[in-house]
4 protein chains.
Amino acid sequence: MSQDPNKPKANTMWGGRFSSSPSALMEAINASIDFDKRLASQDIQGSLAHSNMLAQQGIIASSDRDAIHEGLQRVMAEIEGGGFAFSKALEDIHMNVESRLREIVGDPAARLHTARSRNDQVAVDVRLWVRDAHDRTDEQLTRLIKALLDKAEPHAATVMPGFTHLQSAQPVTFGHHLLAYVEMFGRDRGRIRDSRRRLNESPLGAGALAGTSFPVDRHMTAKALGFDGPTRNSLDSVSDRDSLIEFVSAASICAVHLSRLAEEIIIWMSAPFGFVRLPDRWTTGSSMMPQKRNPDAAELVRGKTGRIFGSLMALLTMMKGLPLTYSKDMQEDKEQLFDAADTIEIVLAAMTGMIQDLEPVPARMAAVAGAGFSTATDLADWLVRSLDIPFRDAHHITGRIVSEAETRGCGLEDLPLDAMQAVEPRIHAGILEVLGVENSVRSRVSFGGTAPSQVVQQIAWWRERV
Amino acid sequence: MSQDPNKPKANTMWGGRFSSSPSALMEAINASIDFDKRLASQDIQGSLAHSNMLAQQGIIASSDRDAIHEGLQRVMAEIEGGGFAFSKALEDIHMNVESRLREIVGDPAARLHTARSRNDQVAVDVRLWVRDAHDRTDEQLTRLIKALLDKAEPHAATVMPGFTHLQSAQPVTFGHHLLAYVEMFGRDRGRIRDSRRRLNESPLGAGALAGTSFPVDRHMTAKALGFDGPTRNSLDSVSDRDSLIEFVSAASICAVHLSRLAEEIIIWMSAPFGFVRLPDRWTTGSSMMPQKRNPDAAELVRGKTGRIFGSLMALLTMMKGLPLTYSKDMQEDKEQLFDAADTIEIVLAAMTGMIQDLEPVPARMAAVAGAGFSTATDLADWLVRSLDIPFRDAHHITGRIVSEAETRGCGLEDLPLDAMQAVEPRIHAGILEVLGVENSVRSRVSFGGTAPSQVVQQIAWWRERV
Amino acid sequence: MSQDPNKPKANTMWGGRFSSSPSALMEAINASIDFDKRLASQDIQGSLAHSNMLAQQGIIASSDRDAIHEGLQRVMAEIEGGGFAFSKALEDIHMNVESRLREIVGDPAARLHTARSRNDQVAVDVRLWVRDAHDRTDEQLTRLIKALLDKAEPHAATVMPGFTHLQSAQPVTFGHHLLAYVEMFGRDRGRIRDSRRRLNESPLGAGALAGTSFPVDRHMTAKALGFDGPTRNSLDSVSDRDSLIEFVSAASICAVHLSRLAEEIIIWMSAPFGFVRLPDRWTTGSSMMPQKRNPDAAELVRGKTGRIFGSLMALLTMMKGLPLTYSKDMQEDKEQLFDAADTIEIVLAAMTGMIQDLEPVPARMAAVAGAGFSTATDLADWLVRSLDIPFRDAHHITGRIVSEAETRGCGLEDLPLDAMQAVEPRIHAGILEVLGVENSVRSRVSFGGTAPSQVVQQIAWWRERV
Amino acid sequence: MSQDPNKPKANTMWGGRFSSSPSALMEAINASIDFDKRLASQDIQGSLAHSNMLAQQGIIASSDRDAIHEGLQRVMAEIEGGGFAFSKALEDIHMNVESRLREIVGDPAARLHTARSRNDQVAVDVRLWVRDAHDRTDEQLTRLIKALLDKAEPHAATVMPGFTHLQSAQPVTFGHHLLAYVEMFGRDRGRIRDSRRRLNESPLGAGALAGTSFPVDRHMTAKALGFDGPTRNSLDSVSDRDSLIEFVSAASICAVHLSRLAEEIIIWMSAPFGFVRLPDRWTTGSSMMPQKRNPDAAELVRGKTGRIFGSLMALLTMMKGLPLTYSKDMQEDKEQLFDAADTIEIVLAAMTGMIQDLEPVPARMAAVAGAGFSTATDLADWLVRSLDIPFRDAHHITGRIVSEAETRGCGLEDLPLDAMQAVEPRIHAGILEVLGVENSVRSRVSFGGTAPSQVVQQIAWWRERV
């Protein structure tokens with residue numbers, strides 16, 4: 001999305017220009033330098049590897065290679081230093097770099113593009129960029145998982161209500177709840193890694209679309225750029241956008257997970273819940289209403305979900321029905337990719353910060369967890385386990401006991417034993433061990449269950465993986 | 001989408017900052033000034049109207065109103081002149097303007113925000129902006145419709161093949177084909193106008209969410225800002241985003257229409273078709289392959305369809321399930337709106353330019369139109385009309401005659417009369433009048449049909465509406 | 001979405017058939033009778049109007065028309081009675097009806113298709129269906145608006161917290177809150193009506209794509225079918241899908257509104273909020289946890305939002321980049337339309353039922369509304385209004401008074417006057433009138449504000465419109 | 001999408017029922033049996049494994065286990081035989097099966113649900129179903145890849161134009177073009193396999209949400225059901241939908257690829273191109289226009305792309321912002337999953353059939369490939385390679401030679417040598433070897449290039465992988 005201060009003005013200008021000058025309009029719609037300048041570093045990396053290979057294969061002279069390398073390094077320095085003058089007339093990053101290179105080194109620059117086309121050049125640039133985006137996302141996911149583990153550990157036994165339908169169902173622990181998100185973000189990381197592995201093939205050498213007749217060594221450039229090898233089909237290499245779409249679809253699923261956690265933080269911070277607190281740096285307040293803590297950061301994380309879905313839909317739609325090989329439609333890919341990558345990175349970072357700073361309020365959580373007969377399932381399970389009553393019958397007996405407690409206006413743990421025995425005579429004092437929320441939680445020792453012992457075990461398992 | 005040259009750097013910085021400084025991260029995710037500065041003019045218009053009303057209602061003094069007006073005009077001049085220093089610390093356009101106003105006029109600035117909240121302020125700003133976007137889109141649609149009419153008129157009788165399934169079906173005229181798009185863009189314009197009418201209510205005076213206890217005159221500010229009246233519910237006024245979503249959904253449907261026309265131009269320009277030519281300004285060529293005319297502009301129009309769909313999906317997703325009233329998620333609305341509005345405007349302008357410059361190649365069109373028994377329907381209709389044969393039977397007879405022509409390797413119009421009579425003896429020479437493509441086209445005089453006389457009539461109808 | 005009991009089996013069969021028989025596969029992917037049978041009534045209406053016109057124009061004999069009419073009525077009766085045997089071999093509804101008609105009436109059936117094509121036939125069928133869908137949605141929206149007005153009226157003065165960011169901000173009334181949705185659904189109804197008006201043109205007579213050479217009277221059939229007139233371009237008539245997409249996009253925006261209200265109901269029903277109750281018919285419970293009321297209906301309303309968005313995205317994507325005129329891709333339109341129309345209808349009906357049965361719990365709402373200095377804005381406004389303090393300064397003073405109350409652990413309305421005067425000496429007892437939530441609500445008398453008097457006025461305005 | 005013949009009627013009924021009966025409406029919106037009956041086989045598999053484990057762990061008696069097994073097998077037989085009476089009152093597949101089981105085996109049935117909840121039961125059912133869907137898709141992809149390899153092999157040297165922007169750019173081979181799709185579908189298969197591997201963990205034993213206090217052996221049931229192990233977090237196990245969304249997003253990317261190939265087939269079959277023919281079974285014709293071959297199957301493949309994108313968007317939207325754990329919204333997942341899985345399976349099968357039957361027309365392809373100076377790049381490369389002219393300069397010389405050929409109205413291969421030497425004197429007869437399209441194609445021997453030798457090598461590589 002545009003964060004360009006000049007856009008409003010540009011837009012105003014369009015109004016005038018559009019009537020009078022098709023060429024200005026064509027430049028406005030066609031030139032990509034405003035966004036593809038983000039590929040500068042990748043473009044130069046690719047040219048360094050390509051010219052090295054050309055020299056090694058005897059396609060250009062070593063002296064030309066050396067001149068090209070020196071020149072490219074100077075161009076890179078100029079760009080990093082902010083002193084590079086990008087030109088819209090030169091349309092894209094490739095021509096901007098090559099044109100400056102020619103100014104610096106002269107004739108050898110004219111040999112750089114041997115056995116290469118703008119089509120495989122941009123393909124390799126984008127592939128390198130999206131690979132970096134995968135790595136950044138992987139790192140942010142790992143940091144978030146660590147933050148969740150760090151927060152879960154001291155709260156492995158902190159009781160909170162487990163919800164279904166936003167209704168309190170069974171007590172769980174806060175640590176266990178956070179670990180549910182560890183699983184989700186762990187799978188998200190897996191998707192990012194699978195995608196990175198799949199994309200890690202070099203399109204350099206595919207030429208315009210048909211390959212080249214020069215004796216290039218595609219394996220050499222692939223290796224130099226950190227790829228596992230070259231792509232196997234030149235037409236596919238210049239016309240597919242899988243690597244971008246797979247990245248944005250993994251980011252979309254991750255955004256779903258972030259939106260769920262953000263929604264929970266927002267609900268937990270509402271006054272009637274009061275389950276957690278966030279320090280001022282993640283909220284905005286009101287000088288007039290000092291108790292107000294608007295969970296702005298969480299809301300932005302939730303709100304940006306749509307933005308990432310939008311980029312996914314944009315990319316899918318853009319590619320639908322395009323004949324091979326390259327069509328100009330595909331130029332639209334970069335802004336969507338850049339925006340989705342920037343967005344997932346910032347929302348992951350923001351969520352990591354919030355999790356680190358999140359302060360649960362155990363008293364409030366416990367109060368809600370204990371209300372509403374949330375240990376009724378435990379009671380039913382006890383009937384099955386201790387009295388060998390079939391589950392469906394135990395379910396029925398439990399319903400009657402809960403009714404009795406409801407009538408008396410007390411919790412299950414406060415119901416006299418004889419009141420329970422009035423419903424089912426075989427019930428004995430052993431039942432009292434399962435009725436408190438603490439007991440309930442402790443008893444769920446099945447693999448992956450909410451018992452603190454299980455939570456601790458799963459934290460340990462994850463610690464080895466981050 | 002970002003076209004901000006500084007974004008890559010910012011992004012690099014994030015990497016470092018994210019680990020160390022939550023506040024830098026919060027600023028990065030939270031501040032909106034980078035994009036909401038596009039609302040500067042609307043924000044100042046709103047403040048002028050609001051302060052006028054405050055003075056008229058005796059809520060502030062006239063002298064304060066005068067100072068505020070003078071100050072706001074100076075702020076506007078600074079912004080338009082490019083001399084305004086936007087501050088990220090002040091977060092958004094509202095605080096940037098108000099802070100500068102206070103520097104200029106001092107105390108009276110502190111009274112501007114009386115009986116107003118940032119919530120109704122931003123609502124009115126966006127409403128004014130999106131209203132302007134409707135008007136710009138309306139104007140671009142009208143220009144495109146005019147261009148289509150201008151191109152259709154001289155080609156009201158130019159024969160081309162009418163396609164179904166990209167297979168030549170019946171001959172039509174090029175003018176008639178262009179008029180199909182006039183209908184589509186005409187409906188698009190209708191949608192934009194309906195949406196504009198629906199949104200034209202002023203949220204100013206809704207306050208933070210509950211209205212205000214000051215004796216404001218919402219009808220007065222509504223009128224001053226060109227609205228039909230004030231909105232009727234303060235909660236709705238600060239929390240709905242209908243006007244944006246309806247605009248982007250109308251833009252999405254329009255983008256579908258543009259993508260279809262763009263696809264046709266691309267296919268028509270392929271060598272095997274060769275139906276149209278576009279001058280260099282709408283294409284890119286190759287210095288090595290001078291016959292190549294890449295229809296870049298048409299491809300970009302088609303490719304940007306996904307971008308607009310993406311904004312629609314982003315906005316719908318963003319709003320899904322948000323409780324009333326304002327949530328920070330909604331801050332995400334502006335970039336999607338701005339991008340969709342900029343995009344639909346530029347693709348409409350580009351398409352208008354292409355249509356103006358499009359040169360059909362009637363000979364190629366006629367050649368394809370005449371091939372493939374495309375007048376078989378005319379033959380069948382003649383059998384029904386002239387010989388009173390039931391349609392389904394006429395259809396059968398026609399199939400046999402076409403088979404005969406196919407066997408002989410000639411077109412229907414070249415088949416000897418006796419060959420047709422061998423299939424159906426009642427056939428007479430009158431049939432020859434319907435078999436050429438020119439005859440076929442001329443005969444389709446039903447309302448809205450492809451006969452040149454109908455095409456001319458529909459052009460006239462549309463001329464009165466643009 | 002499939003609710004077809006036979007689909008799993010069909011699917012299993014595919015596995016086998018796909019390897020061996022292309023024709024079985026082609027039938028499976030190509031035949032539309034399974035879903036387009038829903039167009040039976042519209043198809044027959046169209047044929048009745050068409051044959052009437054043919055007879056009136058002398059294109060067929062009156063006796064043929066009479067036979068056709070009688071036959072079609074019998075076919076309709078068979079379909080309505082469930083006795084019609086739909087045949088997949090006949091592919092679609094049109095051929096199913098026509099084939100049965102021929103069995104019943106013989107030769108005259110062969111004349112029904114004169115001056116008509118399957119292309120304009122299906123276009124008119126769908127147009128009639130989608131028009132009905134608009135009318136059903138309009139009716140459901142009107143019923144929902146009425147239900148909201150009926151619920152709002154007795155609660156025009158029932159205080160509840162007004163939220164921003166799910167944080168209590170200023171007190172409002174429950175009636176006022178419901179009216180916010182009346183505005184949203186009112187605009188939704190406006191969109192449906194605009195869309196209906198726009199689509200109400202008859203494509204019948206457009207022929208396959210080029211119009212017809214028969215002397216048809218398109219105005220006559222248009223009128224007979226309740227259209228405002230015939231469409232103006234035959235190519236457009238058989239190849240556009242605007243009317244469907246506009247309907248589904250209006251339904252999508254409506255679904256957003258429904259999802260917001262559903263989310264609120266779900267949050268309000270959570271134990272910590274406890275703002276509302278819903279009777280058992282809209283919830284599911286648990287025999288073991290009798291206090292549990294899972295708001296299933298509200299969750300389904302919220303969940304089905306995605307389904308409607310999905311249909312919108314499917315239709316937009318399907319149409320992207322299709323050249324004129326008809327392509328088989330477009331056959332995919334019907335299932336999306338049917339599903340979106342069914343879905344919006346059922347969720348509107350479910351929401352109407354829930355609103356009718358919703359029981360607010362005023363005590364819980366009032367308790368939350370009164371907490372948290374929610375009248376701080378009223379205090380600040382009083383300082384401006386009564387003491388002529390500039391707003392920004394009043395804002396600052398209020399912050400200090402709230403701090404004082406917070407320190408003392410009391411609400412603003414319980415703070416002694418002298419404590420306030422210690423902050424700002426000019427404060428006098430008049431201030432006490434604005435500090436309670438009831439007072440706050442009553443004071444917001446600006447047009448569209450939350451004051452009960454305003455709420456009553458807006459209800460009256462809407463009563464005239466439903 | 002609905003293919004249910006009864007839906008129209010049901011819909012009509014709704015109209016009436018909605019006004020009078022909330023319970024009928026609630027049943028209509030709430031019951032899932034109409035679609036979740038597709039989970040019958042998975043539900044029974046899960047119950048068999050669960051009861052086995054219960055017996056082994058001593059939680060139920062072996063005799064109960066045996067009775068349950070016998071009963072479940074009978075239920076399965078009834079369902080497969082079509083004799084099972086599904087009941088809407090029993091809501092879902094789980095209760096339908098259990099209720100029938102109880103009729104058959106009596107008391108032991110009441111023990112089946114011990115240590116299990118409907119939440120983990122449905123989670124395991126869906127997980128098994130989606131795993132099967134992965135396997136079916138994998139198989140269909142493999143069949144399609146094989147079909148492409150089989151078609152590519154005999155055409156490894158068949159020349160066709162390589163397009164960019166739908167403009168002929170450089171000659172390639174038809175085999176090479178088909179291999180581009182092999183790469184795409186190969187990656188699609190990789191995504192399906194990664195997704196399958198990731199999802200292959202058993203949620204059984206997660207209970208309602210918190211795990212269970214029974215001494216269950218989750219590893220045992222996991223193994224019995226073919227899972228790699230149990231899931232690690234019970235909350236996540238009952239509330240995530242990753243496995244569905246990842247499947248549908250992989251299907252969406254695959255649909256993009258299919259839509260591109262379908263688009264090409266459609267363009268290739270247009271009369272002006274005439275590159276391929278498809279037999280009647282994949283097309284529909286016209287009895288009147290026998291030359292017409294409407295590529296219906298290809299259009300349906302392209303059109304169904306939107307349907308799959310729609311399901312993806314529906315699922316993403318549905319899950320956005322849902323708090324843990326289960327909410328009823330999630331019931332909407334199944335229809336989207338079923339529809340997307342059915343759709344990708346049928347379009348893959350249809351495309352496989354079309355590829356098998358596709359007949360290229362080499363003469364037409366060669367004619368277009370040879371036109372338009374498509375070997376200009378070869379000429380430029382020859383200048384660089386043979387005369388050591390820097391690439392950018394060679395590019396310029398080539399442009400001048402092409403101009404000369406254009407002026408003379410001949411192809412590059414027909415231009416006299418002296419005409420080339422007039423532009424660049426060093427040119428010699430060796431150049432003639434690169435100018436024909438056959439020569440051009442043969443020379444592109446870079447890895448993955450279009451040279452027949454390369455194409456053959458890549459086919460061999462793929463043969464080992466299918």
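Chain A is the first sequence line, chain B the second, and so forth, proteins listed ahead of strands; every chain is numbered from 1.
With a 4.5 Å cut-off on non-hydrogen atoms, D:A298 does not touch chain B at all. Interface remark: D:T164 contributes backbone and side-chain atoms alike to the contact with chain B (heavy atom separation under 4.5 Å). The contact between D:I267 and chain B is made by backbone and side chain atoms together, counting heavy-atom distances below 4.5 Å. Contacts between B:I397 and chain D at a heavy-atom distance below 4.5 Å are absent for every atom of the residue. Contact annotation for D:Q170: neither backbone nor side-chain heavy atoms come within less than 4.5 Å of a heavy atom of chain B.
Taking non-hydrogen atoms and a 4.5 Å limit, the residue list of residues 317-331 of chain B in contact with chain D, ordered by number, reads B:T317, B:M318, B:K320.
Looking at B:F163 and D:S270, their side chains never come closer than 4.5 Å, going by heavy atoms from C-beta outward. Using a 4.5 Å cut-off on side-chain heavy atoms (C-beta onward), D:I266 and B:H165 make no contact.
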Please list, one pair per line, the donor and acceptor atoms closer than 3.5 Å that link side chains of residues 431-438 of chain D to other protein atoms, with sequence neighbours excluded.
none

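Applying the 6.0 Å contact sphere to CZ of D:R277 captures no more than 12 heavy atoms from other residues, nucleotides or ligands.
Pairing each heavy atom of B:Q167 with each of D:R293, the nearest pair is CD-O, 3.4 Å.
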